[in-house]
Amino acid sequence: MQHSFDGQIENKHHHLIEIEIVARQLSGDFLEFASMDSILELAFGPYRYQYLNEFPEFGGDTSMEHLGEVFYLKVKKALEGHHWKLARFEISETPLRIYAITEEIF
C-alpha cells in the first residue's frame with residue numbers, strides 16, 4: 001500500500017500489509033480457490049498500487065485501524081454476495097502491529 005501520514009503526496013511511502021480472512025460458507029456449494037480469489041479481487045483490486053489518501057472512503061485517515069474498518073466492510077459485502085459469512089478479518093503490518101475484527105458465527 002502507499003499512503004502518507006499527513007495527506008501530502010510528496011510524503012507518500014510504501015508498506016507491505018498482510019490480510020487474513022476466515023470465513024464460513026453458508027450454502028452447500030463447492031467454491032474453488034480461484035473463485036474466492038476473484039471475489040476478494042473485487043474488494044481489494046481498486047487499491048492495488050494506488051495512493052490510498054486519494055480515496056474518499058478513507059477520508060484522509062490511512063491508519064491501520066481505519067484501513068481495517070474500510071477493508072473489513074468491503075470484504076464482508078463481497079463474501080456475503082457469494083453466500084459466505086465472514087468470521088474474522090485481520091490486517092497487519094508486522095507481527096506486533098495487528099488490527100482484527102471477529103464476528104460470532106452460529
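What you see below is based on every heavy atom in this structure, not just the backbone, and it leaves out hydrogens, waters and symmetry mates. In this chain, numbering begins with 1 at the start of the sequence shown.
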Partners passing ring pair (Phe, Tyr, Trp, His ring centres under 6.0 Å) against Tyr47 (at least two apart in sequence or in another chain): Phe55, Phe58, Phe71
Check: Ile21 and Leu79 side chains under 4.5 Å, non-hydrogen atoms: yes
4.5 Å side-chain heavy-atom contact, Ile17 and Met64: yes
CD1 on Ile19 to CG on Leu67, rounded to 0.5 Å: 8.5 Å
Test side chain to side chain donor-acceptor pair (under 3.5 Å) applied to His3 and His13, Gln50, His14, the passing residue: His13
Hphob cluster co-occupancy, Phe44 + Val70, side-chain heavy atoms under 4.5 angstrom: yes
Gln2 (side chain) donor-acceptor with Tyr49 (main chain) under 3.5 angstrom: yes
Other ILVMFWY residues reachable from Ile9 by side-chain steps of under 4.5 Å: Tyr51
By side-chain hydrogen bond (donor to acceptor under 3.5 Å, both in side chains) - contacts of Glu80 (at least two apart): none
Inter- and intrachain pairs under salt bridge (charged side-chain N to carboxylate O under 4.0 Å, His left out), touching residues 68-77, at least two apart: Lys76-Glu103
Salt bridge (charged side-chain N to carboxylate O under 4.0 Å, His left out) contacts in which one or both residues fall within residues 34-57, not counting sequence neighbours: Glu41-Arg48
Set of side-chain contact (heavy atoms from CB on, under 4.5 Å) partners for Asn11, sequence neighbours left out: Ser4, Phe5, Asp6, Gln8
For residues 89-97, run the donor-acceptor check on the side chains, cut-off 3.5 Å, and write out each pair with its distance to 0.1 Å, sequence neighbours left out.
residue : atom : partner : partner atom : Å
Glu90   : OE1  : Arg88   : NE           : 3.4
Glu90   : OE1  : Arg88   : NH2          : 2.7
Glu93   : OE1  : Arg97   : NE           : 2.9
Glu93   : OE2  : His15   : ND1          : 2.2
Thr94   : OG1  : Leu96   : N            : 3.2
Thr94   : OG1  : Arg97   : N            : 3.0

Minimum-distance pair of heavy atoms, taken over all atoms of Leu26 and Lys85: CD2-CB, 3.8 Å
